[in-house]
J.: 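Next up is a structure, given as structure tokens.
Source: prediction; values computed, not measured.
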Amino acid sequence: MKRGPSPFNFASIVLGMAFLYLPIILLVVFSFNASKLVTVWGGFSTRWYGALFQDQQMLDAIGVTLRVGLVSATVATFLGTLAALALSRVGGFRGRLLFSGMIYAPLVMPEVILGLSLLLLFVAVGAPRGIWTVTASHATMTMCYAAVVIQARLVSFDKSLEEAARDLGRTPIQAFIEVTLPNIAPAVIAAWMLAFTLSLDDLVIASFTSGPGSTTLPMRIYSQVRLGVNPEINAVSTLLIGLVATGVIAAYLVQQRRRTADTLS
Amino acid sequence: MTRPRTPRRGLAALAPFLWLAAFFLFPFVLVAKLSLSDIALAIPPYAPRLDPSEGLAGLATFARGLDFDAYRHMIEDGVYAASYLSSLKFAAIGTGILLLVGYPMAYGMSRCAPGMRQALLMMVVLPFWTSFLIRIYAWIAILKPEGLLNALLAWLGLPPVALMDNDPAVYIGLVYAYLPFMVLPLYSVLERQDESLLEAAADLGCTRFETFWRVTFPMSLPGVAAGALLCFIPMVGEFVIPDLLGGSSTLMLGKTIWTEFFANRDWPAASAVAIILLATLIVPIIIYQRQQARLLDAR
């Protein structure tokens, strides 16, 4: 007997969702505003999108962000998968506590601390700061998220299937690639997307670790926002929101279909 | 059947372990070291620097150069203590408001029909995927003196409110940005709750509120703890929200580190603030890590 939501529960959900979505909706609406002022509706216009595609610095920043995101998310997913395997399959190894600590700590560690410490590392080893230092930093931060997402899936995966493959003569690596990997693939894809999104979004770590010529989109947006509200930022934000929302909803629908298929079979 | 453990299985951990040791653990040693150095007019702007070519003598010179000046300076200058206390205050009050806002939401969601629950969960997570910076920026357009909120109030014939460049603006930003991090852990414990316990409580004569207060709430405490830690720890070091919504008078440690580093070019001071922030957070971080590990093992 699970009771349905009471009027109070219902109201809190509605208000909570309004709180979460109203700012985003307003931002999208005003990206199509012909007027430069936020409060004045000057009619529907796509002029800010036009301005955006004329803005070379903004386009460069988008390019840098995409390159950093693609590479760092791929590295993070690879390392995160290995870390998840180590955490869920290997009972006790030397330094397990330290290892799991290093996996969970970056999830909550304030970004300023991570950014500062990574910068000092690059200065100490004499690595010239640029797109590669940002990429390595993002991979470090996001691999921990990837590991947690993949581990959650691995824990619910029936280990005996992999063991059966081993008994049938597969090497551990073959068994992993042929049996385990297809099974955890949705989590691996979700982990990659999460890592990519986090990299796309990061301002603080990128600001510390970037060098000349590696200004990312959030850094560019941040410097513009400090100068005041700018409709061009609304336009680039709307594009980003649209891109991410499409990706997340598509991933959700794919997973839903898989779940329905699982239930039917 | 459990396969006898071979040392080779641990190899999977090797690459991520080495990566994290190099890019996560080792850098903290550098921050600690730098916090004991002096500011210098050089690139990089601190001294002493360790010169490996001088061998042991170089190490001795380096060690003699280390001092607690950055920390002494922090104790003497009241602004650091003020920003430390103010950070803790923002994070604590922010976490409190988040619990009050997030709990009813999570509770309501867990009582919905399964299909609806999935959709609502999706809706809570979706903003998390859109840029943090952009969502905070959206609030500027709403909250600034000539922004949308005051335009709406004027239209309704109400007096304008000052909700920009002050503490309430920072709280709005914090609650907004961290709401999904509070709702998700709460939802996950509330959703898994055994319904027969609620029936039992009702059979034993509990009212709806008593059932909640004496059964549901105590059982949801692990979720409360997880949500609170997940919000509190990063909020203490938050930079973007106080910087964009809080104006120049708001003090928070994340902002202090940023200013010392980028505006004042005082790397040792920035490192010292970072070390103190880290020292404050180390216990909550360890508690969080233990809890997460236990949660995953239990599943």
Side-chain angles (χ1 to χ4, degrees), chain A residues 1-5 9-10 12-13 16-17 19-20 23-24 26-27 38-39 79 82-83 85-86 89-91 93 99-102 104-106 108 110 112-113 116-118 120-121 123-124 136 140 143 151-152 155 163 197 201 203-204 218 221-222 225 229 233 237 240-241 244-245 248 252, chain B residues 1 3 9-10 12-13 15-17 19-20 23-24 27-28 30-31 34 44 104-105 107-109 111-112 122-123 126-127 129-135 137-142 146-148 151 179 195 199 230 233-234 237 239-240 254 257-258 270 274 277-278 285 288-289 292-293 296 299:
Chain A
M1 176 207 65
K2 203 169 223 173
R3 300 188 190 99
N9 295 152
F10 187 71
S12 64
I13 293 176
M17 291 299 173
F19 179 60
L20 282 178
I24 299 176
L26 288 172
L27 186 120
V38 205
T39 41
L79 291 171
L82 289 177
L85 276 172
R89 290 295 158 82
V90 191
F93 56 90
F99 185 65
S100 69
M102 287 199 295
Y104 288 112
V108 281
V112 255
I113 299 186
L116 181 68
S117 65
L118 281 162
L120 295 182
L121 171 73
V123 171
T140 308
M143 70 171 277
Q151 191 196 0
V155 169
E163 275 159 9
T197 318
D201 192 24
L203 163 73
V204 175
I221 293 175
Y222 175 71
V225 167
V229 173
I233 303 292
S237 309
L240 266 180
I241 291 169
V244 171
V248 174
Y252 172 75
Chain B
M1 179 199 87
R3 195 165 289 281
R9 305 215 78 180
F17 189 89
W19 182 284
L20 284 173
F23 286 98
F24 183 69
F28 287 122
L30 295 173
V31 181
L34 185 56
M105 267 184 89
Y107 184 83
M109 281 165 60
R111 292 296 175 270
C112 286
M122 175 77 193
M123 278 184 76
L126 195 58
W129 291 82
T130 63
S131 170
F132 180 74
L133 178 64
I134 286 170
R135 285 183 292 136
Y137 159 77
W139 277 100
I140 300 180
I142 298 174
E146 66 279 18
L148 291 164
L179 189 59
E195 288 164 41
E199 281 172 39
L230 198 56
I233 300 168
F239 163 74
V240 176
I257 295 176
W258 185 280
L277 176 54
L278 197 63
I285 286 175
Y288 174 78
Q289 178 219 328
Q292 289 302 302
L296 273 171
R299 231 184 256 171

J.: Less than 6.0 angstrom separating the ring centers of Phe99(A) and Trp19(B), yes or no?
T.: no
J.: In terms of heavy-atom proximity below 4.5 Å to chain A, should Leu133(B) be classed as side chain, backbone, both, or neither?
T.: both
J.: Against chain A, work out which of Leu278(B), Leu148(B), Leu126(B) has the most heavy-atom pairs shorter than 4.5 Å and name it.
T.: Leu148(B)
J.: I'd like to know which of Val108(A), Thr197(A), Val112(A) tops the heavy-atom pair count under 4.5 Å against chain B.
T.: Val108(A)
J.: Please give me the minimum heavy-atom distance between Pro16(B) and Ala83(A), naming the atom from each residue.
T.: CG-N, 3.7 Å
J.: Checking heavy atoms, do the side chain of Ile257(B), its backbone, both or neither come under 4.5 Å from chain A?
T.: side chain
J.: State the CZ-CD1 distance between Phe28(B) and Ile113(A), to the nearest 0.5 angstrom.
T.: 6.5 Å
J.: Measuring from atom OG of Ser131(B) to atom CG of Asp201(A), what distance do you get when rounded to the nearest 0.5 angstrom?
T.: 4.0 Å
J.: Any idea which of Ala15(B), Pro104(B), Ala151(B), Ala274(B) has the most non-hydrogen atom pairs under 4.5 angstrom with chain A?
T.: Pro104(B)
J.: Looking only at heavy atoms, which two atoms of Ser100(A) and Gln289(B) are closest? And how far apart?
T.: OG-NE2, 3.1 Å
J.: What distance do Phe23(B) atom CZ and Leu118(A) atom CG have between them, rounded to the nearest 0.5 Å?
T.: 8.0 Å
J.: Pick whichever of Ile142(B), Leu34(B), Ile233(B) has the most heavy-atom pairs under 4.5 Å with chain A.
T.: Ile233(B)
J.: When rounded to the nearest 0.5 angstrom, what is the spacing between CG in Leu179(B) and CG in Leu20(A)?
T.: 5.0 Å
J.: Of the backbone (N, CA, C, O) and the side chain (C-beta and beyond), which part of Tyr288(B) lies under 4.5 Å from a heavy atom of chain A, both, or neither?
T.: side chain
J.: State the CH2-CG distance between Trp139(B) and Leu26(A), to the nearest 0.5 angstrom.
T.: 9.0 Å
J.: What part of Ile134(B) gets closer than 4.5 Å to chain A, counting heavy atoms only: side chain, backbone, both or neither?
T.: both
J.: What pair of heavy atoms forms the shortest contact from Ser117(A) to Pro27(B), and how long is it?
T.: O-CB, 3.2 Å
J.: From Met17(A) CE over to Met109(B) CE, what is the distance, rounded to the nearest 0.5 angstrom?
T.: 5.5 Å
J.: Between Leu27(A) and Tyr137(B), is a side-chain contact (heavy atoms from CB on, under 4.5 Å) present by the stated rule, with each step listed?
T.: CA-CA 9 Å; Leu27(A) 186 120; Tyr137(B) 159 77; 3.7 Å; yes
J.: Please say whether more than 12 non-hydrogen atoms of neighbouring residues, nucleotides or ligands are located less than 6.0 Å from CZ in Phe19(A).
T.: yes
J.: Between Phe239(B) and chain A, with a heavy-atom cut-off of 4.5 Å, which part of the residue counts as in contact: side chain, backbone, both or neither?
T.: side chain
J.: Please identify, among Ile24(A), Leu203(A), Thr140(A), the residue contributing the most non-hydrogen atom pairs under 4.5 Å to chain B.
T.: Thr140(A)
J.: State, to 0.1 Å, how close Pro110(A) and Gly237(B) come at their nearest heavy-atom pair, and which atoms those are.
T.: CB-CA, 3.7 Å
J.: How close do Ala124(A) and Leu30(B) get, heavy atom to heavy atom, and via which atoms?
T.: CB-CD1, 3.9 Å
J.: Closest approach of Leu116(A) and Ala270(B), non-hydrogen atoms and distance?
T.: CD2-O, 3.7 Å
